[in-house]
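Encoded as C-alpha cells, the structure appears first; notes follow it.
Per chain, numbering begins at 1; letters A, B, ... match sequence-line order.
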Number of protein chains: 2
Amino acid sequence: MRLSTKGRYAVTAMLDLALNGTEGPVTLADISENQGISLSYLEQLFASLRGKGLVRGVRGPGGGYYLGRPADEISIADVICAVDEWVEFTRCNPRPSSADTQRGMTHSLWDDLSQQIYDFLTGITLADLVRRGMARTGGSDDAGKAAELLGLNNQAA
Amino acid sequence: MRLSTKGRYAVTAMLDLALNGTEGPVTLADISENQGISLSYLEQLFASLRGKGLVRGVRGPGGGYYLGRPADEISIADVICAVDEWVEFTRCNPRPSSADTQRGMTHSLWDDLSQQIYDFLTGITLADLVRRGMARTGGSDDAGKAAELLGLNNQAA
DNA sequence: GTATTACCAACTAAAGTACTGGGTTTTATC
DNA sequence: GATAAAACCCAGTACTTTAGTTGGTAATAC
C-alpha cells in the first residue's frame with residue numbers, strides 16, 4: 001500500500017467531480033484552478049483513472065469528466081490504487097535460510113497490516129466523505145446541494 | 001498522511017526489534033541482513049526513530065537497539081510519522097474567492113479522511129501485529145516465543 | 001469552420017529514496 | 001591500556017518519483 005500526495009491529488013479531484021459533476025461534466029481546467037494542480041499533471045492522473053473506469057471523459061466544447069460510477073460505488077482504495085501503483089513487496093526469494101525465515105516473518109506481518117489498511121480504505125467511498133463533510137458543515141452549501149442531487153441523504157453508513 | 005516504502009522499512013525494522021529484542025539488543029547489522037536494507041539507510045531511519053523516543057540505542061560491543069517503549073505502547077502511526085514526515089497540506093491561503101471555497105471544501109474532506117487513516121493506524125500497535133501474526137502461524141515459532149516473553153498472550157485486543 | 005475540450009507523448013527541473021564511504025565516539029573484553 | 005564492536009554522524013550521489021512544460025492530435029458543440 002502506498003499513499004502520497006499523488007493519491008491525495010487524485011482523491012480531491014474525484015471529490016471535485018462528486019461535488020460538481022451533478023449538473024454536467026467538470027473540465028480539467030476547472031479542477032486545475034480549484035485544486036492548484038497543473039493541467040497536464042491532472043491529465044496524467046486522469047489517464048490512470050480512466051484506464052480503471054473510475055472516470056468517463058466527454059470531448060468537445062461543454063465536455064469534461066464524469067465519475068465512472070456512482071460516488072457510493074467508488075472507494076478511496078480504488079482511487080489510490082489507480083494512480084499510486086500498489087507496490088506489493090513480498091519479494092520472497094525461495095531461500096529458506098534462518099535469516100530468511102526471519103525476514104519472511106516481519107514481511108508477512110507487514111502484509112497483514114497492508115491488507116488491513118487496504119480493507120479500511122475499501123470501506124470508505126467518495127459518497128461517505130461528502131456525507132460526513134456535510135454533517136460537519138450543516139449541509140447548507142454546495143456540498144449539501146450536491147449531496148441532495150446524489151441522493152446521499154437517504155443512505156445508511 | 002504519507003505511506004511509502006520508507007515507512008514500511010521502519011515498521012518491519014521495529015517488528016524485528018519486537019520479535020528479537022527480548023533477550024538483548026538487536027544490532028543494525030542484523031536488521032540490515034534480515035530485511036535486506038543497507039546499514040547506513042537503517043542508521044538514518046533509526047536516527048529519526050530515536051529522536052522520537054521509539055528506540056533506545058546501546059553502544060559498544062554487545063550493543064544494539066531496544067524498543068523505546070513496550071510493544072503495545074507503540075502504534076504504527078507513531079512509527080510512520082517518525083520517518084515519513086506527516087505532510088499536512090492545508091495550505092489555506094486566506095483568499096476567500098469562490099474558487100477558494102471550493103478548494104477548501106475538497107481539502108477539508110481530505111483532511112477528514114487523513115484523520116480517519118491516522119486514527120486507524122494509531123489504534124494498531126506493534127504488539128497487535130505480532131499477536132495477529134502469531135494467531136495465523138499457531139504460535140509455535142520464534143514469534144510465539146517472543147510473544148510469551150512479551151506477555152502478549154494475556155492481553156485483549 | 002472554429003473554438004473547446006479530451007487525449008497523447010516527449011522532455012525537464014526538483015524532490016525524495018536508498019546507498020556509498022568516510023569518519024567519531026562509547027564501551028565490553030582481553 | 002589496546003582492540004574491536006557497535007552506535008552515531010555527515011557529505012556526497014545514482015536513481016526514482018513528482019510535478020510541470022511544451023507541443024501536438026482527435027472529437028464535437030456551435
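- Mapping A/Val83 and B/Ala29 onto DNA chain D by nearest heavy atom places B/Ala29 at the nucleotide closer to the 5' end.
- Annotation: the span from A/Leu17 atom CG to A/Leu28 atom CG amounts to 8.5 Å, rounded to 0.5 Å.
- Within residues 46-53 of chain A, no residue places a heavy atom under 4.0 Å from DNA chain D.
- Under the 3.5 Å distance criterion, with hydrogens and angles disregarded, a donor-acceptor pair is assigned to the side chains of A/Asp119 and A/Gln115.
- Residues A/Arg59 and A/Glu43 both approach DNA chain D. Their nearest nucleotides, taken by heavy-atom distance, put A/Glu43 toward the 5′ side.
- Regarding A/Leu45, its CG atom lies at a distance of 15 Å from the C1' atom of C/dC8, rounded to whole Å.
- Side-chain proximity of B/Ser40 to the nucleotides C/dT4, D/dA7, D/dC10 is greatest for D/dC10.
- In this structure, A/Arg8 atom CZ and D/dT18 atom P are separated by 13 Å, rounded to whole Å.
- Each of A/Gly62 and B/Tyr41 has a nearest nucleotide on DNA chain C; the 5'-most of these lies closest to A/Gly62.
- The 12-atom threshold is not exceeded at OH of B/Tyr118, counting heavy atoms of other residues, nucleotides or ligands nearer than 6.0 Å.
- A donor and an acceptor atom, one from each side chain of B/Thr125 and B/Glu73, are nowhere located under 3.5 Å apart.
- Protein atom NZ of B/Lys6 is 16 Å distant from nucleotide atom P of D/dT17, rounded to whole Å.
- No hydrogens or angles were tested; on distance alone, nothing pairs the side chain of A/Thr27 with the base of C/dT5 as donor and acceptor under 3.5 Å.
- Side chains of A/Asp30 and A/Thr27: a donor-acceptor N/O pair is present below 3.5 angstrom, by distance only.
- Using bins of under 30°, 30° to 60° and over 60° for the plane-to-plane angle, the ring pair B/Phe46/B/Tyr65 lands in the tilted bin.
- Spacing between atom CG of A/Asp84 and atom C1' of D/dA19 amounts to 13 Å, rounded to whole angstrom units.
- The separation between A/Arg56 atom CZ and D/dT28 atom P is 13 Å, rounded to whole Å.
- The residues B/Arg69 and B/Asp78 are annotated as salt-bridged, a charged nitrogen and a carboxylate oxygen being separated by less than 4.0 angstrom.
- The CG atom of B/Leu39 sits 19 Å away from the P atom of C/dT17 (whole-angstrom rounding).
- Taking only distance into account, the side chain of A/Gln44 meets the base of D/dG20 through a donor-acceptor pair shorter than 3.5 Å.
- Separating the OH atom of A/Tyr9 from the P atom of D/dT18 is a distance of 11 Å, rounded to the nearest angstrom.
- Minimum atom distance to the side chain of B/Ile37 is reached by C/dC19, of the listed C/dC19, C/dT17, D/dC8.
- Straight-line distance from the CG atom of B/Leu28 to the P atom of D/dC8: 8 Å, rounded to whole Å.
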